[in-house]
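Remember, it's 1-based here, ligands and their atoms both numbered in the order they're listed. Quick caveat: nothing in here was measured; it's all calculated off a predicted structure.
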Amino acid sequence: MSVRLRFAPSPTGALHIGSVRTILYNYLFARQRGGTLVLRIEDTDRERLVTGAIDSIYDGLHWLGISWDEGPREGGPHVPYVQSERLPLYQRHAAELVAKGAAYYCFCSKERLAELRKQQEARHELTRYDRHCRNIPAAEAAERAKTESHTVRLKVPDEGTLAIDDLVHGRIEWQANTIEDQVLLKSDGFPTYHLAVVVDDRVMGITHIMRGEEWIASVPKHLLIYRAFGWEVPPMAHVPDVQGPDGKKLSKRHGSTAVSEFKEQGYLPEALVNFLALIGWSPGTEEEVFSMDDLIRVWRIEKVQRGGAKWDKDRLDYFNGVWIRRLPEDELVRRLRAFVPPQWDDDLLRKVVPLIRERMKTLAEAKDQIAFLFTETPEYPPSLAVPKQQSAGTTVEALSRAASALRDARPFDARSVESALRGVADGWSVREFTHAVRVAVTGRTIGPPLFESIELLGRERTLQRIERAQSALRG
Ligand code: GLU
């Protein structure tokens, strides 16, 4: 049997990196079994909708290289794939349960429910619906439902055990009597998440439900709904939530969480995928660099861990460096283009990339490091230029020695630049000397290797900059 998996994001904000990890696992599971992936938009909570959220889901997943087969914009055998466009389906199903005697109309007002809650809280009881409308005779309830505002509630049995054998967590059990007569259909005709998710997973033929572990608490409610319909429960896997360094669920408090932010900061999709796959999953070997295709081959649901899914920014940076170095040079140049001004010369960019790729952590940080090559007059901060043991005066002299050595260097390439400069350090340490030259030429204390940079800059421009630095130092 071919597997069918779904991602079911709610469009409540920018695509969150933690949701992406769950989506990625669904993707890997489905793709390695030649199955089908469905994107379903769960937008029944109308108060939390955020405009643009669906675009952000599409943009983020496409950028990461995660594809799917059926969805709101792709179409498929179960259109529409947006829950708010499927209301009649849920209403029909709720009515079916009422007709079977498995659910009932509830006419309690918001005020009554709030009052009930208040009383229960005051008595330190579990707050739950008191089944006030459960025993209204069916015919009377049906009649009232024609004119009175109502919800549909599930008739939850008083006893019994509910259980799943979760593919990640193993067996989990609940007692039915801990669940209230939950609302299935709200008074505005919208389903609750619980009804919608169960109905859709069923009618869309979903064979495996894989989602974040925050949904475990909802599972007993879902099991009762499956039972009420007489449907079989598909296997479920609840993957551990991605946690921030403090052990709390990863959120904005911990820094960036939107996929778009990582893109803007110059992370490669390859690095994010690699990094995310390893949060809460391990191949069981030392190997750690995986492309999407590798992951489709080696990822196993059995190896998803129950906990310890920690976000680690340094590790992400590490993977980004790894993937930057894995990109063919042309491709790296192409991707860098989005992070540098359009007028920057392509040839020069091509030449400087090999100099910086070894130490590059993000695409975005490259720009400042190499800007000195593309701008006529980079800033010169004299305060950075003078080494500790030196003065402005001695730095001017050192720069004079550098200038005259560079004037004579033949050919003007990194090797001769290096030996020219080393030859005139005199009383200075080579480190101090090259530091002073670097700041004079690039305006910065760190950057690509100096001698190669000077070669790229050319004699003329290098000498001009040294002269400019000297006049700045003279004040
Ligand atoms: N709509 C839920 C979310 O936004 C997903 C629930 C599920 O996968 O069952 O995370």
Worked verdict on Asp200 versus Tyr81 for side-chain hydrogen bond (donor to acceptor under 3.5 Å, both in side chains): CA-CA 9 Å; Asp200 279 344; Tyr81 287 85; over 6 Å; no
Aromatic ring proximity Tyr58/Trp63, centre distance under 6.0 Å: no
N or O contact, Val197 vs ligand 1, cut-off under 3.5 Å: no
Where Arg297 and Arg300 come nearest, the two heavy atoms and their spacing: O-NH1, 3.2 Å
Closest heavy-atom pair and its distance - Ala237, Ile301: CB-CD1, 3.7 Å
Flag, side chain of Asp43 to backbone of Leu49, donor-acceptor distance under 3.5 Å: no
Nearest protein heavy atom with distance in Å, relative to atom 8 (O) of ligand 1: Arg6 NH1, 2.6 Å
Protein residue, atom and distance nearest to atom 10 (O) of ligand 1, heavy-atom basis: Trp215 CZ2, 3.4 Å
Full working for side chain to side chain contact (heavy atoms under 4.5 Å, CB included) between Val304 and Trp299: CA-CA 9 Å; Val304 173; Trp299 185 88; 3.5 Å; yes
Considering only heavy atoms of [X], which atoms of ligand 1 have at least one such atom less than 4.0 Å away?
X	result
Tyr193	6 (C), 7 (C), 9 (O)
Pro9	4 (O)
Ala8	1 (N), 2 (C), 3 (C), 4 (O), 5 (C)
Glu42	1 (N), 2 (C), 5 (C), 6 (C)

Within 45° cone and under 6.0 Å: Arg153 NZ/CZ vs Tyr129 ring: yes
Whether Phe7 lies under 4.0 Å from ligand 1, heavy atom: no
Any Glu214 heavy atom less than 4.0 Å to ligand 1: no
